[in-house]
Amino acid sequence: MIWLDRIALFHPLDFAAVGIIFVLWAFVGWRVEHSAASKPSVSKIMAEYRREWMRQMITREPRIFDAQTVAALRQGTSFFASTSVIAIGGTLALIGNAEQLAGVAEDLTFEMHPAIVWEIKLFVVAIFLTNAFLKFAWSNRLFGYCSVVMAAVPNDPNHPDSAKMASKAAELNITAARSFNRGLRSLYFALASVAWLAGAVPLIIGAFVTLFVIWRREFASQSREILLEK
C-alpha cells in the first residue's frame, strides 16, 4: 500500500481535525507566552515572582530554602519526563499491536479500518508525547544551570556582581519554567489526540476542550486572582 492509498483511507474531516489540534496547540502556547500586559497569563505573572525570588535570595542566609526549592522543581521535571517516556513506550507498543487495537476500536466506533489507520492516529499521540519529553528534559537541564548560577551569586549583598548574577539565575529559572509549561501543554494535547481513535469529531471536541482548560487556568483561574492580589 503506497502513501496515496493510505491517505485515501482518511476523510477530509480527519485532516481538518488534525490541523485544528495542532493550530490550537501552537496558538494557546503563543498566547500564554505573549499575553498582554493588561491581562497577563499565570505563567507571565509567575515569571515576575521568580525574578523577585532571586532578588530576595541575595540577602537570604543561609540559602538552603532556595536550594531545596530548585531541587523540588527538578524533581517535578524528572517525574514528568519519566512519565512521558513510559507513555511513549506504551504508545509504540500499541502501534506494534495495531491489529488488536483495531478490534477494540471497531467495537467502539462501529467502523472497520485497516491497522495502518490506527497506527497513524497513534503516531500523532506519539508526536505530542515526544515533544513533551524533550521539553521536560530540557527544563530539567535548565533548572540545573539555574542552581549552578545561584550558587555563584556572592554572599555579600553589596558585591557589584550580586544583582547581575541573581538576574541571570532568574532568567534561567524563567526559561526552565517556560519549557516545563510547554511540556505540560503537549501532554494535555496528547491526551486530546487520543480522541481521534473515536473519530474526527471527538478529536475536534477534545482539542477545544483542552484549549478551554488551558485558557481558563492561565487567564481565568482562582490562582491567577490570588497572584494578582495586592
Side-chain angles (χ1 to χ4, degrees), residues 13 16-56 66 69-70 72-81 83-84 87 124-125 127-140 142-143 146 167 169-230:
L13 187 59
V18 173
I20 286 172
I21 194 171
F22 277 103
V23 167
L24 293 183
W25 167 64
F27 166 74
V28 74
W30 181 88
R31 190 69 181 85
V32 166
E33 295 177 6
H34 299 83
S35 57
S38 58
K39 190 174 182 180
S41 63
V42 170
S43 298
K44 218 166 187 184
I45 297 170
M46 285 303 301
E48 293 304 318
Y49 276 96
R50 292 174 190 275
R51 292 188 179 98
E52 182 61 24
W53 169 19
M54 294 304 158
R55 285 192 288 267
Q56 295 298 326
D66 306 288
T69 303
V70 175
L73 292 172
R74 293 197 72 186
Q75 288 176 358
T77 59
S78 296
F79 170 77
F80 279 104
T83 301
S84 298
V124 174
V125 179
I127 290 175
F128 281 114
L129 291 175
T130 301
N131 183 73
F133 166 75
L134 294 174
K135 296 302 180 183
F136 290 135
W138 183 235
S139 177
N140 185 277
L142 287 174
F143 278 125
C146 176
S167 177
E171 295 309 314
L172 283 171
N173 198 298
I174 291 168
T175 305
R178 184 186 305 121
S179 186
F180 180 79
N181 289 332
R182 288 174 178 175
L184 282 180
R185 287 194 294 271
S186 290
L187 277 186
Y188 294 154
F189 279 96
L191 292 174
S193 62
V194 174
W196 196 17
L197 296 175
V201 174
L203 176 59
I204 295 173
I205 294 174
F208 277 101
V209 168
T210 303
L211 173 68
F212 172 77
V213 170
I214 296 175
W215 193 275
R216 180 188 173 280
R217 291 180 178 178
E218 290 287 345
F219 296 101
S221 62
Q222 184 178 4
S223 57
R224 180 179 180 276
E225 296 301 320
I226 293 172
L227 290 171
L228 288 174
E229 285 180 1
K230 304 229 175 166

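When a residue number appears, it is its place in the shown sequence, counting from 1. All values below come from the heavy atoms of this structure, side chains included, with hydrogens, waters and symmetry mates left out. Every value quoted in this text rests on a predicted model; they were computed, and no experiment measured them.
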side-chain contact (heavy atoms from CB on, under 4.5 Å) for T77 and W138? Distances and angles first, verdict last. CA-CA 9 Å; T77 59; W138 183 235; over 6 Å; no
Residues F80, F180; criterion ring-ring contact (aromatic ring centres under 6.0 Å, His included); working and verdict: CA-CA 9 Å; F80 279 104; F180 180 79; 5.6 Å; yes
List the steps and the verdict of side-chain contact (heavy atoms from CB on, under 4.5 Å) for L203 and V194. CA-CA 8 Å; L203 176 59; V194 174; over 6 Å; no
Residue pair F208, I20: steps toward the side-chain contact (heavy atoms from CB on, under 4.5 Å) verdict: CA-CA 9 Å; F208 277 101; I20 286 172; 3.9 Å; yes
How far apart are the C-alpha atoms of S84 and L187, what are their side-chain angles, what is the distance that settles it, and do they pass the side-chain contact (heavy atoms from CB on, under 4.5 Å) test? CA-CA 8 Å; S84 298; L187 277 186; 3.9 Å; yes
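Side-chain atoms of Y188 and V213, non-hydrogen and from C-beta on, never get closer than 4.5 Å to each other. Side-chain atoms of S35 and F219, non-hydrogen and from C-beta on, do get closer than 4.5 Å to each other. Residues I204 and L13 are in side-chain contact: their nearest non-hydrogen atoms beyond the backbone lie under 4.5 Å apart. Side chains of V32 and R185 form a contact here, defined as non-hydrogen atoms less than 4.5 Å apart. With contacts defined as side-chain heavy-atom distances shorter than 4.5 Å, the pair F189/L24 qualifies. Residues S221 and V42 form a side-chain contact, since some pair of their non-hydrogen atoms from C-beta on lies under 4.5 Å apart.
A distance of 12.0 Å separates CG in L172 from CZ in R50, rounded to the nearest 0.5 Å. The distance from the CG atom of L134 to the OG atom of S186 is 9.0 Å, given to the nearest 0.5 Å. In this structure, Q222 CD and R217 CZ are separated by 13.5 Å, a value rounded to the nearest 0.5 Å. The CD1 atom of I214 sits 9.0 Å away from atom CG of L184, with the distance rounded to the nearest 0.5 Å.
Considering every non-hydrogen atom in both I174 and A47, the closest pair reads CD1-O, 3.5 Å. A81 and A137 get closest at one heavy-atom pair: CB-N, 4.5 Å. A pairwise comparison of heavy atoms in W196 and V124 identifies CZ3-CG2, 3.6 Å as the closest pair. Counting all heavy atoms, side chain and backbone alike, V125 lies closest to A190 at CG1-O, 4.0 Å.
The aromatic rings of W25 and F128 sit perpendicular, their planes meeting at an angle over 60°, well past the 30° parallel limit.
Under the 3.5 Å distance criterion, with hydrogens and angles disregarded, no donor-acceptor pair is assigned to the side chains of N173 and W53. Counted by atom type alone, S43 and E218 present one or more donor-acceptor pairs between their side chains at under 3.5 Å.
Of the possible polar contacts, one joining the N181 side chain to the A177 backbone as a donor-acceptor pair under 3.5 Å is found. Formation of a donor-acceptor pair under 3.5 Å by the S139 side chain with backbone atoms of F136 is not found in this model. Between the side chain of R224 and the backbone N or O of P40 there is at least one donor-acceptor pair closer than 3.5 Å. The backbone N or O of A170 lies less than 3.5 Å from no partner atom in the side chain of R51, so there is not a single donor-acceptor pair. The backbone N or O of K135 lies less than 3.5 Å from a partner atom in the side chain of S179, making a donor-acceptor pair. The main-chain N or O of E33 is never found under 3.5 Å from a side-chain atom of K44 such that the two would form a donor-acceptor pair.
R216 CZ: 12 or fewer foreign heavy atoms inside a 6.0 Å radius.
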